[in-house]
Every structure is written in C-alpha cells, then in structure tokens.
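All heavy atoms count here, side chains included; hydrogens, waters and symmetry mates do not. All residue numbers in this chain count up from 1 along the given sequence.
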Amino acid sequence: MGKKDRTTPRMAFVTLRDLPGTRVMFWVVDECPYCGERHLHPAGNLRTADPSDRLGEVPAVCDPTRMYELALPPRPKKKAGKTERRRERQGGKRDVIDDDKW
C-alpha cells in the first residue's frame, strides 16, 4: 500500500454565510481537513458578487503552503416516492416463505 500524495489538495466542504450587519459573504469551512478547525474565506459582496466564483482550490488558512478545494457538500439522496414504497411492501407480501422452501 502506497503513501497518500501529500501535494494533492483535499476537499473541504463549505457553507455560505453572511456577516450580520454588512453585505459581506463568507464561505465557512466547518472542519479543516488539515487542522480540524473552522476557517472563513471571503465570497464577495452580498448584492453584486457571485459566490460560486470563489469555490475551487485555495490555500489553507492554517498552513498557506497547503491547498484545499472548497466544494459544496453532496446533496442527500431523494426519498423513494409513495408508489415505490408501496411496491416494496407488496413485494414483501408476495415472498411468503412456505414450509417447502426451508
């Protein structure tokens, strides 16, 4: 088993927050992949900037020699619809175990 490539930037999942009382937005890294602390990265003005432009590879606040990639967290899976749940229940009723199948 080889060592991990230490020069490859790690993923850091972020959330967008604004500074109360101002028009400044920040990308917040809740848990840094290197030190485990919370870091802030400016995302621009609330009215004029597109915060998604600031996503991507940036230097880590705790160690500027290391890079990490700011990315949005993955979206959760959609719940199965009512018809799918109904089919699963009905499918379970059809698979009745008989004494002959033991």
Side-chain angles (χ1 to χ4, degrees):
M1 197 181 332
K3 291 183 179 180
K4 286 187 177 179
D5 186 12
R6 295 178 193 259
T7 59
T8 305
R10 295 187 184 176
M11 294 289 279
F13 296 118
V14 294
T15 54
L16 185 63
R17 299 199 185 139
D18 62 332
L19 191 61
T22 67
R23 295 181 183 166
V24 180
M25 294 183 297
F26 289 97
W27 286 115
V28 178
V29 178
D30 285 326
E31 189 174 331
C32 174
Y34 300 116
C35 68
E37 296 293 320
R38 176 179 286 178
H39 301 304
L40 302 174
H41 295 275
N45 189 333
L46 187 62
R47 294 187 184 185
T48 60
D50 182 16
S52 61
D53 292 342
R54 301 287 178 117
L55 293 175
E57 212 170 288
V58 295
V61 176
C62 55
D63 186 6
T65 60
R66 295 174 137 179
M67 302 289 278
Y68 56 55
E69 187 172 344
L70 299 180
L72 295 173
R75 291 186 175 181
K77 285 180 101 177
K78 259 185 141 176
K79 290 184 177 180
K82 184 176 180 180
T83 55
E84 289 181 34
R85 290 192 304 263
R86 185 178 294 154
R87 280 188 208 135
E88 288 176 11
R89 282 196 311 268
Q90 290 173 351
K93 290 178 184 176
R94 290 182 191 142
D95 296 335
V96 177
I97 299 175
D98 293 333
D99 290 335
D100 298 336
K101 292 184 180 180
W102 286 88

With hydrophobic residues grouped by side-chain heavy-atom distances under 4.5 Å, do [X] and [Y] end up in a single group?
{"X": "Val58", "Y": "Val29", "result": "yes"}
{"X": "Leu70", "Y": "Leu40", "result": "no"}
{"X": "Phe13", "Y": "Leu72", "result": "no"}

Which pair of non-hydrogen atoms, one from [X] and one from [Y], has the smallest distance, and what is that distance?
{"X": "Pro9", "Y": "Glu69", "result": "CB-N, 4.4 Å"}
{"X": "Val14", "Y": "Pro73", "result": "O-CD, 3.3 Å"}
{"X": "Met67", "Y": "Tyr34", "result": "O-OH, 2.5 Å"}
{"X": "Pro42", "Y": "Arg54", "result": "O-NH1, 3.6 Å"}
{"X": "Pro64", "Y": "Pro59", "result": "O-CB, 3.6 Å"}

Roughly how far apart are [X] [atom1] and [Y] [atom2], rounded to 0.5 Å?
{"X": "Asp50", "Y": "Leu55", "atom1": "CG", "atom2": "CG", "result": "9.0 Å"}
{"X": "Arg17", "Y": "Asp30", "atom1": "CZ", "atom2": "CG", "result": "5.0 Å"}
{"X": "His39", "Y": "Glu31", "atom1": "NE2", "atom2": "CD", "result": "10.0 Å"}

- prompt: Do side-chain atoms of Thr48 reach the backbone of Asn45 as a donor and acceptor pair under 3.5 angstrom?
  reply: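 Here the side-chain-to-backbone pair does not exist.
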- request: Step through it carefully: locate the ring centre of His41, locate the ring centre of Tyr68, and say whether they are under 6.0 Å apart.
  value: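 Judged by ring-centre distance (under 6.0 Å), His41 and Tyr68 do meet the cut-off.
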- prompt: So do the side chains of Phe26 and Asp18 get within less than 4.5 Å of each other, counting heavy atoms only?
  reply: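 A side-chain contact is absent here, since even the closest heavy-atom pair is not under 4.5 Å.
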